[in-house]
Amino acid sequence: MPAQPPSEYVATLCEMLAPLGDVRVRRMFGGYGLSIDGLTFALIADEILYFKADDVNRAAFTELGLEPFRPMPDKPTTLSYYPPPDSALDDQDELLPWARSGFEAALRAAAKKAARAKRKKPVTAG
C-alpha cells in the first residue's frame, strides 16, 4: 500500500481487508483497484467498494438485490463487480467472507486465462 493512502475510506478498507494478505491499491478507472498477489479482486469507485464476481459467487450478491458496478452511470454497461451489503462495511467479520469470495473469483479468472493461454500455444515438432 502506498505510504500516503488515497483517502481515509480506502485506507480503512485496506486495514479491514489486511487478514486476506498484502492488499495493494492502485489508481484505476478514476477510482482504485485493490489486489493481492497481483490479482485485482475489488474496485472502489465514488467511495463505493465492489468485489469481483463470477458464476460461482454472483448469486450471493444478486440474491440480496445488489447491483453490479456501472463504470458510466448513464450507460447500461456493467462490470462483474458487486458491492457487499452495507452492514458488512461496519463489520470486518462480515466483510471478510465477501472479500474472500471476490479474491477467489480473481483466482478462478486467472486460472481460466492461464488455461486458455496454454491451449493457444502452438505445438512445435521436435
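Just so we're clear, the structure is a prediction, and the values are computed from it rather than from any experiment.
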[atom1]-[atom2] distance between [X] and [Y], expressed to the nearest 0.5 angstrom:
| X | Y | atom1 | atom2 | value |
| --- | --- | --- | --- | --- |
| L43 | Y32 | CG | OH | 13.0 Å |
| E104 | L20 | CD | CG | 9.5 Å |
| Y81 | F69 | OH | CZ | 10.0 Å |
| R116 | K118 | CZ | NZ | 14.5 Å |
| K52 | N57 | NZ | CG | 9.5 Å |

Between [X] and [Y], is any pair of side-chain heavy atoms under 4.5 Å apart?
| X | Y | value |
| --- | --- | --- |
| F41 | L17 | yes |
| L34 | V25 | yes |
| P84 | E94 | no |
| P68 | F61 | no |
| L95 | F51 | yes |
| T62 | Y82 | yes |
| R108 | K112 | no |
| T40 | M28 | yes |

Report task. Give a yes or no on whether the backbone of S80 and the side-chain of D54 come within a donor-acceptor separation of less than 3.5 Å. Result ->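 A pair under 3.5 Å: no.
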Requested in this report: Look only at the side chain of Y9 and the backbone of E47, and say whether a donor-acceptor pair between them is shorter than 3.5 Å.
Outcome: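 Between the backbone of E47 and the side chain of Y9 there is a qualifying donor-acceptor contact (under 3.5 Å).
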Give me the atom names and distance for the closest heavy-atom approach of [X] to [Y].
| X | Y | answer |
| --- | --- | --- |
| A53 | R58 | O-NH2, 3.8 Å |
| P73 | P71 | CD-O, 3.8 Å |
| R70 | P76 | NH1-O, 3.0 Å |
| E15 | Q92 | O-NE2, 3.8 Å |
| P85 | W98 | CD-CE2, 3.3 Å |
| C14 | V23 | SG-CG1, 3.9 Å |

Report task. Classify the side-chain pair R26/S35 by whether it contains a donor and acceptor separated by less than 3.5 Å. Result ->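 No, no side-chain donor-acceptor contact under 3.5 Å.
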Query - CG (D37) with more than 12 external heavy atoms under 6.0 Å - result: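 Atom CG in D37 is not crowded, with 12 or fewer foreign heavy atoms closer than 6.0 Å.
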Query raised in the report: Is there a path from L64 to L49 through hydrophobic residues (I, L, V, M, F, W, Y) whose side chains come within less than 4.5 Å of each other?
Result: yes
